[in-house]
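Step one of this worksheet: look at the structure below.
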Amino acid sequence: MTQPHPATQDPLGPADPRFLDRPSPTVAPDLLGRILVSERPDGRVAVRITEVEAYTGLEDPASHAYRGRTARNAVMFGPPGFVYVYFTYGMHYCMNLVTGPGDTAGAVLLRAGEVVEGLELARYRRPSARSDTELAQGPARLTQALGVGREQNGEPVPGPVFQLLPGAPAAAPELIRQGPRTGVAQGADTPYRFWLDGEPTVSPYRRHVPRRARTSGGKG
DNA sequence: TGTAGGATTACCT
DNA sequence: GGTAATCCTACAG
């Protein structure tokens with residue numbers, strides 16, 4: 001279930017405009033170890049990315065883009081280099097980087113990271129975190145630690161809010177692992193989840209569990 | 001217009 | 001280990 005990822009031969013740096021204009025399964029491992037900076041009115045938080053998932057668009061039954069363009073996923077169908085933020089489970093936001101090639105609705109979900117700047121602000125934003133490891137351990141936690149919500153949907157990367165830095169250093173290729181995506185109902189066997197081996201911020205893998213049918217007359 | 005279910009998390013035993 | 005929370009989205013009728 002876990003396998004090493006064949007390292008990219010000639011990876012582009014995140015400052016290169018072509019960095020995100022590639023298929024998402026290629027971009028995803030190249031994001032590991034990079035630094036994502038979030039500049040918000042209340043301050044600046046940066047995370048070192050440790051876990052991601054690739055979604056490939058119309059061909060991918062697990063992608064929000066699978067059923068075509070809607071108001072919700074419109075950003076994914078635009079050019080690479082923008083953030084796609086979505087709301088889920090009635091309370092959480094998660095963020096993606098829209099990738100290429102071109103307008104193919106590819107995206108990489110940012111699943112976990114290590115807060116490397118703005119620890120105090122991240123702790124304030126994530127009061128339920130019992131340790132700094134939990135500040136950005138999980139896609140909704142990472143989004144909350146960065147102060148990202150619905151208003152950041154469609155923000156450019158790089159841009160005034162988000163910056164993607166090389167990392168110091170970027171992930172060592174031999175530490176990159178690859179396996180099935182977490183929590184998705186369809187396409188769960190496609191090994192498009194990438195993470196850094198040994199990182200405590202990587203969220204534990206969970207298979208998708210179908211919601212139990214509501215009982216008629218019961219609550220809900 | 002109604003309804004089922006979700007790229008999750010926190011808290012319970 | 002299990003499940004409630006909570007509302008938006010997509011889709012059927």
Side-chain angles (χ1 to χ4, degrees), chain A residues 1 24-25 27-29 31-32 36 47 49-77 82-99 104-113 115 122-154 178-195 200-220:
Chain A
M1 132 169 165
S24 57
V27 175
L31 283 168
L32 296 174
L36 179 65
V47 298
I49 298 168
T50 59
E51 180 187 358
V52 296
E53 282 177 1
Y55 292 82
T56 56
L58 285 168
E59 68 188 49
D60 183 352
S63 171
H64 287 177
Y66 182 58
R67 297 172 197 279
R69 178 178 177 142
T70 67
R72 177 208 206 188
N73 65 22
V75 173
M76 297 180 80
F77 285 85
F82 292 84
V83 166
Y84 165 53
V85 179
Y86 69 91
F87 182 70
T88 191
Y89 289 100
M91 66 199 91
H92 299 304
Y93 292 96
C94 299
M95 67 183 293
N96 296 249
L97 299 182
V98 176
T99 71
T104 54
V108 175
L109 171 69
L110 305 182
R111 287 198 56 89
V115 176
R123 290 170 184 148
Y124 176 78
R125 289 170 173 167
R126 293 262 308 114
S128 63
R130 291 166 296 182
S131 71
D132 289 349
T133 298
E134 293 186 348
L135 287 174
Q137 183 181 41
R141 291 168 168 180
L142 180 147
T143 299
Q144 190 176 357
L146 292 177
V148 170
R150 172 181 300 275
E151 294 174 1
Q152 279 67 56
N153 186 42
Q178 180 176 10
R181 293 175 292 193
T182 298
V184 299
Q186 303 294 325
D189 297 331
T190 308
Y192 280 174
R193 175 177 176 245
F194 302 88
W195 69 95
T201 54
V202 173
S203 54
Y205 173 74
R206 287 183 201 166
R207 201 183 81 249
H208 172 76
V209 179
R211 183 198 192 98
R212 192 174 68 175
R214 296 183 186 181
T215 57
S216 70
K219 98 185 231 194

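Below, all heavy atoms of this structure are taken into account, side chains as well, without hydrogens, waters or symmetry copies.
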- Nearest to side-chain heavy atoms of A:Ser128, which nucleotide of B:dA7, C:dC8, B:dA10: B:dA10
- In terms of side-chain heavy atoms of A:Met91, which of C:dA10, C:dA5, C:dC8 is nearest? C:dA5
- What is the pairing partner of B:dT9, taking Watson-Crick or G-U wobble pairs with both distances under 3.5 Å in any strand? C:dA4
- Message: Would you say that more than 12 heavy atoms from the other residues, nucleotides or ligands in this model lie under 6.0 Å from the CZ of A:Phe77, or not?
- Response: yes
- Among the nucleotides B:dA10, B:dA7, B:dT9, which one has an atom lying closest to any side-chain atom of A:His92? B:dT9
- Message: Can you tell me if A:Thr88 touches the phosphate of B:dA7, counting only side-chain N or O atoms and a distance under 4.0 Å to OP1 or OP2?
- Response: no
- Task: From the options C:dA10, B:dA7, B:dT9, select the nucleotide whose nearest atom is closest to the side chain of A:Thr70.
- Result: C:dA10
- Do we see a donor-acceptor contact under 3.5 Å between the side chains of A:Thr201 and A:Thr133? no
- Message: Using the rule given for ring pair (Phe, Tyr, Trp, His ring centres under 6.0 Å), can you reason through A:His64 versus A:Tyr86, listing the C-alpha separation, both sets of side-chain angles and the distance that settles it, and then say yes or no?
- Response: CA-CA 10 Å; A:His64 287 177; A:Tyr86 69 91; 4.6 Å; yes
- Query: Considering only side-chain heavy atoms of A:Tyr89, which listed nucleotide, B:dG6, B:dA10, C:dC7, is closest?
  - Reply: B:dG6
- Query: Is a donor-acceptor pair below 3.5 Å formed from side chain A:Tyr86 to base B:dA7, judging by atom type as modelled?
  - Reply: yes
- Can you figure out which of C:dC7, B:dT9, B:dA7 approaches the side chain of A:Arg141 most closely? B:dT9
- Message: Heavy atoms from C-beta onward define the side chain here; which of C:dA10, B:dA7, C:dT9 lies closest to that of A:Tyr84?
- Response: B:dA7
- Item | A:Arg123: partners by salt bridge (Lys or Arg N to Asp or Glu O under 4.0 Å), with sequence neighbours left out | A:Asp132
